[in-house]
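Single-structure report; data block below.
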Amino acid sequence: MQVKHCYYLLLLLLIMLFAGTSLRAQDIHFSQFYAHPLALNPTLAGYSEGDYRLAAIYRNQWNTVATPFETYGASFDSRIPLKKVKEDVFGAGISIINDKAGAQGLKLFTGSLSVAYHKQLGKKQKQYLGLGLQLSYTQRSIDYQALRFPSQYDGATINPANPSGENVGQNITMFDMNAGLFYSGRLSERVGIFNGLVVSHLLRPKESFINDDDARLQMKYTIHGGARIRVGKRWHLTPNYIVMLQNKAREINVGSAVEYQLGPVQKGVILSIGGWYRIKDSGIVSAGAEFKRIRLGLSYDIASSSLQQVPKVTSGFEISLIYTGLFAKNTSGPILVPCPRL
């Protein structure tokens, strides 16, 4: 199948998904979904403009609530040289996510190991198809003493000293597996595209503080992609989309950024500004700057759902930092195309 036909097929699938009802997904998400590559798709391990990549992101959600929700993410991934097949790329990486939600001390920590293989299609290095696998360990915990139950009502108020009568555990540990595909290619000298597919929670681990065997994580399906389009000597458009489906929940995020190159190509500063829309949830504004392989990103959610009616509630703020480095001045690995700005 030709590159254009593959791209049009994915766009058609995206349009079909837009037709349904949009709900919040069950898993943790970032508005700058492209800024935590290994949390987006395990196949992105080793997929960068350098030999290795360090990424970090922080999200503060509803910071005017008494106890805000906070999420941290970080990752490191690198190419591993292949002597016999120099045109292909093998990558590996590690990533973590730490999340704290609400006054009851509900916490989540996930550590993951990802491996990926990118196969060159054709001899001119204009297309790559990658396959990735991710193994993860997750621990969830909750502050049981901070929970309140109807059985603690003493006739006038909820008395924490009264027994709750509930058998609630404080920690859950889970092992899980995710798998992904990733395609990238050039349609022309000005246009490059990339698309990915991820299936998460392949092991469907049990997630219950009361040891309920039926409380298992549903598999999640993620479709994501975008393009990098040169519209002038110093201007680029970088549209992106992501669609996440999990059980009956659905989340769709679509938008674009505009980039402008200040100074010499490859040596100057790249400035970007963009906007995204999370369907039936919030609008997102973003800004970023890149200099000498260091990229800083900022974003802010503006609630458009029913939550905007709650006084002093905002959706979320994020800051991300990515550094792409070289082990040597003249890297010997192939340059993956197109540059996805991930």
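Just one of V198, V115, L135 meets the side-chain contact (heavy atoms from CB on, under 4.5 Å) condition when paired with P42; it is V198. Checking I229, V231, L237 one by one against V191, the side-chain contact (heavy atoms from CB on, under 4.5 Å) holds for a single residue, I229.
Every residue two or more places apart in sequence or in another chain was checked for a ring-ring contact (aromatic ring centres under 6.0 Å, His included) with F291, and none qualifies.
Between the side chains of H224 and N41, at least one donor-acceptor pair of N or O atoms lies under 3.5 Å. For Y58 and N98, the side-chain atoms include no donor-acceptor pair closer than 3.5 Å. Between the side chains of Q246 and Y221, no donor-acceptor pair of N or O atoms lies under 3.5 Å. A donor-acceptor contact under 3.5 angstrom links the side chains of Y47 and S184, judged on distance only. A donor atom on one side chain and an acceptor atom on the other are not found under 3.5 Å apart for Q139 and T173. Donor-acceptor pairing under 3.5 Å is lacking for the side chains of S286 and S299.
No donor-acceptor pair under 3.5 Å is formed between the side chain of N60 and the backbone N or O of E318. Between the side chain of R216 and the backbone N or O of R204, at least one donor-acceptor pair lies under 3.5 Å. For R59 (side chain) and T71 (main-chain N/O), no donor-acceptor pair under 3.5 Å exists by modelled atom type. Between the side chain of D176 and the backbone N or O of M174, no donor-acceptor pair lies under 3.5 Å. With hydrogens and angles ignored, the 3.5 Å screen pairs a side-chain donor or acceptor of H118 with a backbone N or O of T43. Formation of a donor-acceptor pair under 3.5 Å by the Q134 side chain with backbone atoms of L38 is found in this model.
R140 CZ to L108 CG: the interatomic distance, rounded to the nearest 0.5 Å, is 4.5 Å. Here M177 contributes atom CE and S112 contributes atom OG; the two are 11.5 Å apart, rounded to the nearest 0.5 Å. Annotation: the span from I57 atom CD1 to I319 atom CD1 amounts to 9.5 Å, rounded to 0.5 Å.
Under a 4.5 Å side-chain heavy-atom criterion applied to ILVMFWY residues, the cluster that includes F109 comprises I96 as well.
Two rings, from F327 and Y52, have their centers less than 6.0 Å apart.
A salt bridge links R228 to E259: at least one charged side-chain nitrogen sits closer than 4.0 Å to a carboxylate oxygen. Using a 4.0 Å cut-off between charged nitrogen and carboxylate oxygen, D301 and R278 count as a salt-bridge pair. Salt-bridge formation is not detected for the pair D88/R79: no Lys NZ or Arg NE/NH1/NH2 atom is positioned less than 4.0 Å from an Asp or Glu carboxylate oxygen. Taking the charged nitrogens against the carboxylate oxygens, K100 and E70 have no contact shorter than 4.0 Å, which rules out a salt bridge.
Linking ILVMFWY side-chain heavy atoms closer than 4.5 Å, directly or via other members, places L298 and Y72 in a single hydrophobic cluster.
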